[in-house]
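Because the structure is predicted, anything quoted here is derived from the model rather than measured. Below, each value reflects all heavy atoms present in this structure, side chains not excepted, and no hydrogens, waters or symmetry copies. Chain letters run A, B, ... following the sequence lines, proteins first and then strands; every chain starts at 1.
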Amino acid sequence: DVKVTQSSRYLVKRTGEKVFLECVQDMDHENMFWYRQDPGLGLRLIYFSYDVKMKEKGDIPEGYSVSREKKERFSLILESASTNQTSMYLCASSLGLGPQHFGDGTRLSIL
Amino acid sequence: DQQVKQNSPSLSVQEGRISILNCDYTNSMFDYFLWYKKYPAEGPTFLISISSIKDKNEDGRFTVFLNKSAKHLSLHIVPSQPGDSAVYFCAAPRGTSGTYKYIFGTGTRLKVLA
């Protein structure tokens with residue numbers, strides 16, 4: 001079974017902090033994704049990566065950056081956290097055209 | 001660009017009856033769709049898919065129907081069980097370069113009443 005592991009289930013940070021969310025997958029998938037889920041808005045794509053060191057912006061990249069130095073690891077960075085970035089963050093990976101496999105999410109609160 | 005709409009934010013069904021969740025899309029360039037189920041405090045899990053070469057795909061109690069002319073798909077759960085209570089998302093290819101990128105609907109919260 002594919003396992004996508006997100007480093008924290010719950011995280012509380014302060015406004016202006018730099019925040020790192022980590023995601024690791026164990027199935028050698030080339031594609032990795034970061035989404036945020038907000039009530040009534042579904043899953044919105046922040047960034048995705050189709051290979052090591054390759055990345056593309058999704059629908060809502062403002063205020064975020066990503067890093068993919070190794071195939072199995074995809075990090076989401078909040079450069080200067082703001083309260084409107086309080087959300088559930090979901091990482092996913094996929095192989096080719098196959099379905100995406102998700103981690104359990106990180107619930108991030110920015111105070 | 002692709003748009004995916006799930007117009008029913010919530011649905012309540014009696015245990016043992018059929019649950020029908022609906023999804024509409026706009027871009028038929030890539031006809032391959034996914035359904036996911038999400039429990040609270042967990043990530044979405046892949047449930048079932050369908051491609052344009054079929055108009056129906058079945059997996060146990062779950063069946064997805066695709067109506068290409070109407071750009072509509074539906075997920076049927078028969079019989080519904082209390083453990084099916086979750087949020088269900090449909091997803092469609094974005095229709096831009098790279099069909100491995102999907103756009104998700106806003107979800108339908110299904111509640112199955114015992």
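In this structure, chain A has heavy atoms under 4.5 Å from both the backbone and the side chain of B:A41. Proximity to chain B (any heavy atom under 4.5 Å) is restricted, for A:D59, to the side chain, taken from C-beta onward. Heavy-atom distances place both the backbone and the side chain of B:P44 under 4.5 Å from chain A. Neither the backbone nor the side chain of A:R107 comes within contact range of chain B; no heavy atoms are under 4.5 Å apart.
Hydrophobic clustering, with ILVMFWY side chains joined whenever heavy atoms are under 4.5 angstrom apart, groups B:L21 together with B:F33. No single ILVMFWY cluster, assembled from side-chain heavy atoms under 4.5 Å apart, contains both A:M32 and A:V4. A:Y50 and A:F102 fall within the same hydrophobic cluster, where Ile, Leu, Val, Met, Phe, Trp and Tyr residues are linked whenever their side-chain heavy atoms come under 4.5 Å apart, directly or through other members. Residues A:L95 and A:V24 do not share a hydrophobic cluster, defined by chaining ILVMFWY side chains whose heavy atoms lie under 4.5 Å apart. The cluster map of Ile, Leu, Val, Met, Phe, Trp and Tyr, joined by side-chain heavy atoms under 4.5 Å apart, puts A:L76 and A:F48 in different clusters.
What you find for B:T106 and A:L41 is that their closest heavy atoms are CG2-C, 3.9 Å. In terms of heavy atoms, A:P99 sits closest to B:F46 at CB-CD1, 3.6 Å.
Once rounded to the nearest 0.5 Å, the distance linking CD1 of B:I103 with CG of A:L43 reads 10.5 Å. B:K38 NZ to A:L90 CG: the interatomic distance, rounded to the nearest 0.5 Å, is 6.0 Å.
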Take A:Q37 and B:F89, measure what side chain to side chain contact (heavy atoms under 4.5 Å, CB included) needs, and give me the verdict at the end. CA-CA 12 Å; A:Q37 182 193 2; B:F89 294 98; 3.7 Å; yes
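Between B:F104 and A:Y35, the ring center distance clears the sub-6.0 Å criterion. Taking the six-membered ring where the residue is Trp, the centroids of B:Y102 and A:F33 are separated by 6.0 Å or more.
Within a 6.0 Å sphere centred on CZ of A:R44, other residues, nucleotides and ligands contribute more than 12 heavy atoms. By the neighbour-count criterion of 12 heavy atoms within 6.0 Å, atom CZ of A:R14 is sparsely surrounded, having that number or fewer from other residues, nucleotides or ligands. Enclosure of atom CZ in B:R17 is not indicated, since only 12 or fewer non-hydrogen atoms of other residues, nucleotides or ligands lie within 6.0 angstrom.
Judged purely by atom type and a 3.5 angstrom limit, B:Y36 uses its side chain to pair as donor or acceptor with the backbone of A:Q100.
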